[in-house]
Amino acid sequence: MANETMNLNTPILTLDSDTVLETAQSKADLIWHDIQNAYRTRKILTGILGGIEKTEAGSLIAIIYYKDYRAVIPISEMMINLIQDETHDYGDFSLRQNKVLNNMLGSEIDFVIKGLDTKSRSIVASRKDAMLKKRQIFYFDQVNILVR
């Protein structure tokens with residue numbers, strides 16, 4: 001691990017004398033700062049659905065990759081609204097949700113950050129909140145257009 005850390009005292013040849021070096025750590029810190037700002041302002045972010053995992057408790061979670069970070073979205077926050085009653089019995093509910101998520105793998109997912117852990121740099125998010133916020137923006141903007 002000692003070989004992986006970069007000694008900033010080592011002279012580095014740059015093309016411009018006033019160039020600021022961007023290390024992997026400084027880039028990660030900048031992205032984390034962006035994530036913290038998005039959390040505070042409840043900004044809608046877009047990431048790639050990269051996987052589906054089952055927790056130790058047995059519930060499904062969606063794994064979203066945003067830049068270099070991994071965000072976790074519980075299945076209840078993914079807004080996969082499947083009908084489950086006696087007339088629409090298509091099998092196990094969680095298996096159906098898993099199939100829908102598998103079909104969505106690789107797609108862009110909007111989400112709002114619900115919680116952060118700065119020590120482990122973990123992110124918990126909600127797709128539901130992002131979709132509801134987009135719906136509000138869409139309809140609010142439509143009302144403004146109609147009023148003008």
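Atoms considered below: every heavy atom in the structure, side chains included; atoms not considered: hydrogens, waters and symmetry mates.
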*Asks:* Any link between M131 and V100 through a network of hydrophobic side chains (Ile, Leu, Val, Met, Phe, Trp, Tyr) touching at under 4.5 Å?
*Replies:* no
*Asks:* Which heavy-atom pair separates E108 from T46 by the least distance, and what is that distance?
*Replies:* CB-CG2, 3.8 Å
*Asks:* Do L45 and Y39 have side chains that get closer than 4.5 Å, going by heavy atoms?
*Replies:* no
*Asks:* Could you check whether any side-chain heavy atom of I35 comes within less than 4.5 Å of a side-chain heavy atom of R121, counting everything from C-beta outward?
*Replies:* no
*Asks:* Would you call K67 and D34 a salt bridge, taking side-chain N to carboxylate O under 4.0 Å as the test?
*Replies:* yes
*Asks:* Would you check if R135 and L132 make a side-chain contact, meaning some heavy-atom pair closer than 4.5 Å?
*Replies:* yes
*Asks:* Under 4.5 Å between any side-chain heavy atoms of I63 and E53, yes or no?
*Replies:* yes
*Asks:* When you compare the side chain of Y66 with that of I123, does any pair of heavy atoms fall below 4.5 Å?
*Replies:* no
*Asks:* Tell me if a side-chain donor or acceptor on Y65 pairs with a main-chain N or O of G51 at a distance below 3.5 Å.
*Replies:* no
*Asks:* Using a 4.5 Å cut-off on heavy atoms from C-beta on, say whether the side chain of D129 contacts that of R42.
*Replies:* yes
*Asks:* If you define the side chain from C-beta out and look only at heavy atoms, does anything of E77 sit under 4.5 Å from K128?
*Replies:* yes
*Asks:* With the side chain counted from C-beta on, respond yes when M104 and I109 share a heavy-atom pair under 4.5 Å apart, and no when they do not.
*Replies:* yes
*Asks:* For G50 and L105, which heavy atoms make the closest approach, and how far apart are they?
*Replies:* C-CD2, 3.9 Å
